[in-house]
Peer 1: 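Submitted below is the structure of interest, expressed as structure tokens.
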Amino acid sequence: MPELPEVEAVRRELEPVMSGARITGVVLYRDGLRRPFPENLREELVGQTVLSMDRRGKYLLAPLSSGTTLVMHLGMSGSFRIERARTTARQPEKHDHVDISLASGSIVVFNDPRRFGVVDLVENSEVGERLGLGPEPLSDDFNATVLARACLRSRAPLKSTLMDQHVIAGLGNIYASEALHRARLSPRRRASTLVTASGRPRASAVALADSVKALLLEAVARQTGHPSRDSRFRVYDRAGSTCTRRGCGGTIVRIVQGGRSSFFCPRCQR
DNA sequence: CTTTGGGCCTGGACGC
DNA sequence: TGCGTCCAGGCCCAAA
């Protein structure tokens, strides 16, 4: 369930270890995850220097000195662990799939029980096209006008629109529900109702864009530093409990949209 | 073209 | 205690 804030936390963990590091070894414990690893993954990585550790939506990007970018995705259950090289070969733990050894003596280990993750190599010039992502929600590239434009040509319910990575990069099932609650909008509502006939954002579109930004900003801030002790969600997985909005008193319900569960308060979300 | 639904995969929660 | 079943979710792709 790593969404943008969780992936950003991982990026910040990896950055001091990976950025500027030279890759001295790669061990693959299987031939792929959600899709096969590139044939030449090991050869392409060994000897390269990692120029930086970036994030785009839910993807982690490590551009290399070769002009190729190491593209990684955590899928549902992916995680990274950093170990120190020892004199004997590292014993992999269950669901360890890739080791990346660095000249510093650190080993970055990719572990992913469900194997929905991705480890891939993409030419720098093709990364954007390959990922096919909409704007970063925390950048100026994303705003009510951009959101409205996407809503205009979509008759889908708002929840699906928010989860569409071509519309906004980085929201998943949890933060989509949370953003809608924050904006007081029903996940069932048609995306097109946020837009005027001339394609301009209504107040609801402004509210939703603002909510997405505020929500993610808070979540990212919470990720850093100490483990989020209680990053409780307002609606996600809270069916049956009372809405936390002041003076609302509604009851959170769960519905299914596009095969995914959505949670919302029918009382204050319209 | 858009939109929907199934499949991938495992661990954990549940029922018997 | 040990089965079986179902569900969770991100993303891709086939089908409608």
Side-chain angles (χ1 to χ4, degrees), chain A residues 1-11 28-38 55-61 71-81 92-98 109-122 126-134 136-137 148-180 187-195 199 212 216 219 231-233 235-240 252-264:
Chain A
M1 68 157 218
E3 302 182 26
L4 187 151
E6 292 78 26
V7 178
E8 176 61 20
V10 172
R11 188 198 70 78
L28 307 175
Y29 295 102
R30 55 166 48 244
D31 28 339
L33 295 168
R34 200 175 72 217
R35 52 174 188 257
F37 297 135
R55 180 192 56 75
R56 185 76 173 82
K58 299 173 198 171
Y59 288 89
L60 290 162
L61 305 177
V71 174
M72 297 169 287
H73 193 289
L74 300 172
M76 280 299 305
S77 57
S79 65
F80 287 94
R81 213 171 56 244
E93 293 180 17
K94 197 174 187 186
H95 306 306
D96 282 353
H97 305 308
V98 180
V109 181
F110 185 67
N111 181 289
D112 183 9
R114 293 188 198 175
R115 307 209 298 269
F116 280 6
V118 168
V119 175
D120 204 358
L121 283 171
V122 181
E126 293 170 13
V127 170
E129 179 192 1
R130 258 300 255 295
L131 303 186
L133 297 175
E136 275 297 311
R149 202 161 29 233
C151 289
L152 186 61
R153 61 159 192 273
S154 166
R155 284 189 296 282
L158 268 185
K159 169 75 166 358
S160 311
T161 305
L162 284 184
M163 288 185 63
D164 184 343
Q165 302 299 300
H166 302 273
V167 174
I168 315 174
L171 287 186
N173 204 40
I174 296 173
Y175 288 102
S177 277
E178 294 297 311
L180 287 166
R188 287 191 173 119
R189 188 161 154 166
R190 264 173 192 249
S192 56
T193 64
L194 302 203
V195 192
V212 166
L216 293 179
S231 62
R232 290 260 36 129
F233 302 113
V235 290
Y236 181 79
D237 206 18
R238 295 185 69 99
I252 309 302
V253 300
R254 172 186 182 273
I255 62 172
V256 175
Q257 298 180 287
R260 298 275 181 267
S261 47
S262 301
F263 299 87
F264 75 110

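The chains referred to below are lettered A, B, ... by the order of the sequence lines, with proteins before strands, and numbering in each begins at 1.
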Peer 1: Using a cut-off of under 3.5 Å, enumerate the N/O to N/O pairs linking the protein to nucleotides 2-8 of chain B.
Peer 2:
| from | atom 1 | to | atom 2 | distance (Å) |
| --- | --- | --- | --- | --- |
| B:dT3 | OP1 | A:R155 | N | 2.8 |

Peer 1: Please report, rounded to the nearest Å, how far the P atom of B:dC9 is from the NE2 atom of A:H95.
Peer 2: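 In whole Å, B:dC9 P and A:H95 NE2 are 13 Å from each other.
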Peer 1: Would one find more than 12 heavy atoms of other residues, nucleotides or ligands at under 6.0 Å from atom CZ of A:R81?
Peer 2: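 Atom CZ in A:R81 is packed in, count exceeds 12.
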Peer 1: Take A:R155 and A:R190 through the side chain to side chain contact (heavy atoms under 4.5 Å, CB included) test and state the conclusion after the steps.
Peer 2: CA-CA 6 Å; A:R155 284 189 296 282; A:R190 264 173 192 249; 3.5 Å; yes
Peer 1: With a 4.0 angstrom cut-off to heavy atoms of chain A, pull out the first and last contacting nucleotide of DNA chain C, in 5'-to-3' order.
Peer 2: C:dA8 to C:dC12
Peer 1: For the helix from B:dT2-C:dA16 to B:dC16-C:dG2, figure out the bend between the end axes, five pairs an end, and round to 10 degrees.
Peer 2: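 End-to-end axis angle for the helix from B:dT2-C:dA16 to B:dC16-C:dG2: 50°, rounded to 10°.
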Peer 1: Apply side chain to side chain contact (heavy atoms under 4.5 Å, CB included) to A:L171 and A:M163, showing your working.
Peer 2: CA-CA 6 Å; A:L171 287 186; A:M163 288 185 63; 5.6 Å; no
Peer 1: Which part of the nucleic acid, if any, lies within reach of A:R254 when heavy atoms closer than 4.0 Å are counted: base, sugar-phosphate only, or nothing?
Peer 2: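 Sugar-phosphate only.
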Peer 1: Between A:H97 and A:Y29, does the ring centroid distance fall short of 6.0 Å?
Peer 2: no
Peer 1: Shortest non-hydrogen contact from A:L162 to A:A179?
Peer 2: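 What the structure gives for the nearest pair is CD1-CB, 4.3 Å.
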Peer 1: What's the CG-P distance between A:L33 and B:dT10, to the nearest Å?
Peer 2: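 The answer, rounded to whole Å, is 11 Å.
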Peer 1: Thinking salt bridges, do A:R254 and A:D237 make one under a 4.0 Å N-O criterion?
Peer 2: no
Peer 1: For a quick check of understanding: with a heavy-atom distance under 4.0 Å over all strands, which category does A:S77 fall into, base, sugar-phosphate or nothing?
Peer 2: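 Nothing, no nucleic acid heavy atom in range.
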Peer 1: Between A:R55 (side chain only) and A:G57 (backbone N and O only), is there a donor and an acceptor less than 3.5 Å apart?
Peer 2: yes
Peer 1: Using a strict cut-off of less than 4.0 Å between a Lys/Arg side-chain nitrogen and an Asp/Glu carboxylate oxygen, indicate whether A:R56 and A:E136 qualify as a salt bridge.
Peer 2: yes
Peer 1: Counting distance only, does the side-chain N/O of A:S261 pair as donor-acceptor with the main-chain N or O of A:V256 below 3.5 Å?
Peer 2: no
Peer 1: Would you confirm whether A:S154, through its side chain, and A:C151, through its main-chain N or O, come within 3.5 Å as a donor-acceptor pair?
Peer 2: no
